Asks: 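One structure follows; several queries about it will come next.
Note that this is a predicted model, so its numbers are computed, not measured. Every heavy atom of this structure was used, including side-chain atoms; hydrogens, water molecules and symmetry mates were not.
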Amino acid sequence: MSSALHPAVEPYEAGFLDVSDGHSLYWETTGNPTGTPVLYLHGGPGSGCTPVARRFFDPNAFRAVLFDQRGCGRSRPLAAGPDTDLSTNTTAHLMEDIERLRKRLGIRRWVVAGVSWGVTLSLVYAQRHPERVLAMALGAITSGSRTEIDWITRDMGRIFPREWEEFIAPVPVGGRHGDLVAAYARLLADPDAAVREEAARRWWCAWEDTHVSLMPGWTPSPRYEDATFRMIFARLVTHYWSHECFLVPNQILDGMSRLAGIPAVLVHGRFDVSGPLDTAWKLSRAWPESRLVVVDDAGHGGGGFSSALVAALDSLSRP
């Protein structure tokens with residue numbers, strides 16, 4: 001099978017699913033209605049699904065299910081407003097949403113795929129519901145750990161010292177040695193719109209662009225220019241990270257035995273400075289049924305990353 005992105009497709013079915021606490025989730029299905037069911041979990045938290053994500057899945061082989069997680073994309077309500085209640089936007093709520101969507105679509109078992117934050121969600125879901133998972137294809141491996149959060153918000157300042165100083169500039173001096181994610185969450189909830197918008201710009205446009213920029217061929221996404229998108233992304237990321245992704249310490253690595261018997265392919269870029277390779281390595285070592293693919297010309301995406309993820313999914317498309 002080809003390892004390039006599959007042709008662009010439109011959903012053959014789409015809708016909104018009312019879940020809990022006033023949230024309504026946008027979902028869509030593409031490909032073959034009788035194909036192998038596969039769930040796609042997008043990154044972020046807060047990036048939403050894009051038409052490009054549909055192209056990871058062979059439309060002849062898969063019945064692909066994509067949805068926008070709470071607060072982002074086409075789901076409602078959006079997390080952009082400073083008064084939007086995020087207390088019902090947690091990892092546990094997302095787990096319930098996935099199960100409700102599975103039941104709504106009449107799917108008994110499915111392949112689970114995710115990228116970046118979607119990997120963390122995929123692993124939490126599979127450890128909670130291993131009987132529902134046929135196989136997994138995961139790209140840009142993360143586990144939502146405090147170590148990863150500290151790396152991306154503080155330790156990476158050793159690699160980008162000038163940009164890191166600009167990143168922490170809005171944080172009050174007394175808070176710069178504390179929890180930077182929580183400090184940014186407070187800025188993003190400030191009653192002054194100018195403070196909120198500047199915090200979102202520095203988080204998403206400036207710092208986020210900095211640490212993904214090492215991937216070959218990188219160019220900024222035009223999505224970053226949308227002020228609403230920046231605010232949604234920044235609010236949801238800082239919300240989840242300031243709560244350590246609503247996971248107990250080392251939860252995913254400690255739970256790897258629950259994935260026994262589930263085949264998986266883990267795809268990770270060698271130049272991924274946003275999420276260093278050691279997380280993917282540790283997970284693969286604890287998961288005998290997994291295969292780790294290190295893409296030598298990729299970072300947190302870019303290069304051959306998409307092709308490697310497509311190839312991983314293609315290898316799992318046969319029953």
Side-chain angles (χ1 to χ4, degrees), residues 1-17 25-69 72-76 78 98 101-102 104-105 107 110-119 121-122 134-140 212 215-226 228-230 232-233 265 267-269 293 295 297-319:
M1 297 183 182
S2 170
S3 61
L5 284 171
H6 290 290
V9 293
E10 293 298 318
Y12 68 81
E13 187 179 13
F16 287 86
L17 178 68
L25 306 183
Y26 172 82
W27 61 269
E28 63 184 36
T29 53
T30 69
N32 181 355
T34 63
T36 302
V38 56
L39 170 69
Y40 176 75
L41 297 173
H42 66 68
S47 69
C49 286
T50 66
V52 172
R54 303 170 187 159
R55 301 182 62 191
F56 291 139
F57 308 101
D58 181 345
N60 296 310
F62 283 114
R63 176 191 181 190
V65 178
L66 303 90
F67 79 100
D68 293 332
Q69 294 158 28
C72 69
R74 291 148 290 188
S75 295
R76 294 293 183 273
L78 293 174
I98 293 168
L101 181 59
R102 181 188 63 78
R104 162 66 176 79
L105 297 176
I107 294 171
W110 46 10
V111 175
V112 178
V115 172
S116 192
W117 157 248
V119 172
L121 275 187
S122 296
L134 292 167
M136 304 184 76
L138 308 174
V212 300
M215 67 186 190
W218 171 84
T219 56
S221 168
R223 299 175 84 194
Y224 305 170
E225 299 170 9
D226 185 305
T228 300
F229 176 81
R230 289 199 304 266
I232 290 168
F233 186 93
V265 183
V267 176
H268 203 85
V293 176
V295 185
D297 68 343
H300 201 70
F305 179 87
S306 292
S307 292
L309 185 58
V310 169
L313 282 158
D314 284 350
S315 74
L316 300 174
S317 65
R318 296 174 292 277

Asks: Compare all side-chain heavy atoms of Arg54 with those of Pro11 and state whether any distance is below 4.5 angstrom.
Replies: yes
Asks: Are Leu5 and Val310 packed together at the side-chain level, in the sense that at least one heavy-atom pair is separated by less than 4.5 angstrom?
Replies: yes
Asks: Might you point out which heavy atoms bring Ser317 and Thr36 nearest each other, and give the distance in Å?
Replies: O-OG1, 3.2 Å
Asks: Which heavy atom of Ala4 sits nearest a heavy atom of Ser307, and at what distance?
Replies: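 For Ala4 and Ser307, the tightest heavy-atom pair comes out as CA-OG, 4.0 Å.
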Asks: Going from CZ on Phe56 to CG on Asp314, what distance comes out if it is rounded to the nearest 0.5 angstrom?
Replies: 12.0 Å
Asks: Quick one: side chains of residues 110-119, donor-acceptor pairs under 3.5 Å with protein atoms, not counting sequence neighbours, listed by atom name and distance.
Replies:
{"from": "Trp110", "atom 1": "NE1", "to": "Tyr125", "atom 2": "OH", "distance (Å)": "3.3"}
{"from": "Ser116", "atom 1": "OG", "to": "His300", "atom 2": "NE2", "distance (Å)": "3.0"}
{"from": "Trp117", "atom 1": "NE1", "to": "Gln69", "atom 2": "OE1", "distance (Å)": "3.1"}

Asks: Do Cys49 and Phe67 touch side chain to side chain, with heavy atoms closer than 4.5 Å?
Replies: no
Asks: What distance separates Asn32 CG from Asp58 CG, expressed to the nearest 0.5 Å?
Replies: 9.0 Å
Asks: Is the closest side-chain heavy-atom distance between Cys72 and Phe233 below 4.5 Å?
Replies: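 The answer is no, as the side chains (C-beta and beyond) never meet within the 4.5 Å cut-off.
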Asks: Kindly compute the distance separating OG1 (Thr30) from CZ (Arg63), expressed to the nearest 0.5 Å.
Replies: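 So the gap between those two atoms works out to 10.5 Å.
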Asks: To the nearest 0.5 Å, tell me how far Arg76 CZ sits from Asp68 CG.
Replies: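 Separation between the atoms: 9.0 Å.
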Asks: State, with a plain yes or no, whether a side-chain heavy atom of Leu41 is found less than 4.5 Å away from one of Ile98.
Replies: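 Answer yes - side chains close enough.
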Asks: Are His6 and Asn60 linked by a side-chain donor-acceptor pair shorter than 3.5 Å?
Replies: no
Asks: Can you name the closest pair of heavy atoms from Leu309 and Gly139 and give their distance?
Replies: CD1-N, 4.2 Å
Asks: Just to verify, what does Ala14 make a side-chain contact (heavy atoms from CB on, under 4.5 Å) with, not counting sequence neighbours?
Replies: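 Ala14 satisfies side-chain contact (heavy atoms from CB on, under 4.5 Å) with Tyr26, Glu28 once adjacent residues are dropped.
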Asks: Which atom pair, heavy atoms only, marks the closest approach of Gly304 to Val295?
Replies: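 Smallest interatomic distance, heavy atoms only, reads C-CG1, 3.7 Å.
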Asks: Is the closest side-chain heavy-atom distance between Leu105 and Val65 below 4.5 Å?
Replies: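 Of all side-chain heavy-atom pairs linking Val65 with Leu105, at least one is under 4.5 Å.
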Asks: Applying ring-ring contact (aromatic ring centres under 6.0 Å, His included), can you list everything that pairs with Tyr12, at least two apart in sequence or on another chain?
Replies: none
Asks: Specify the closest pair of heavy atoms between Ala298 and Phe305, including all atoms of both residues, with the distance to one decimal.
Replies: CB-CB, 3.9 Å
Asks: If you measure from OG on Ser75 to CH2 on Trp27, what distance do you get to the nearest 0.5 Å?
Replies: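 Interatomic distance, Ser75 OG to Trp27 CH2, rounded to 0.5 Å: 12.5 Å.
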Asks: For the CG atom of Asp226 and the CD1 atom of Ile232, what is their distance to the nearest 0.5 Å?
Replies: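 Nearest 0.5 Å value for the CG-CD1 distance: 8.0 Å.
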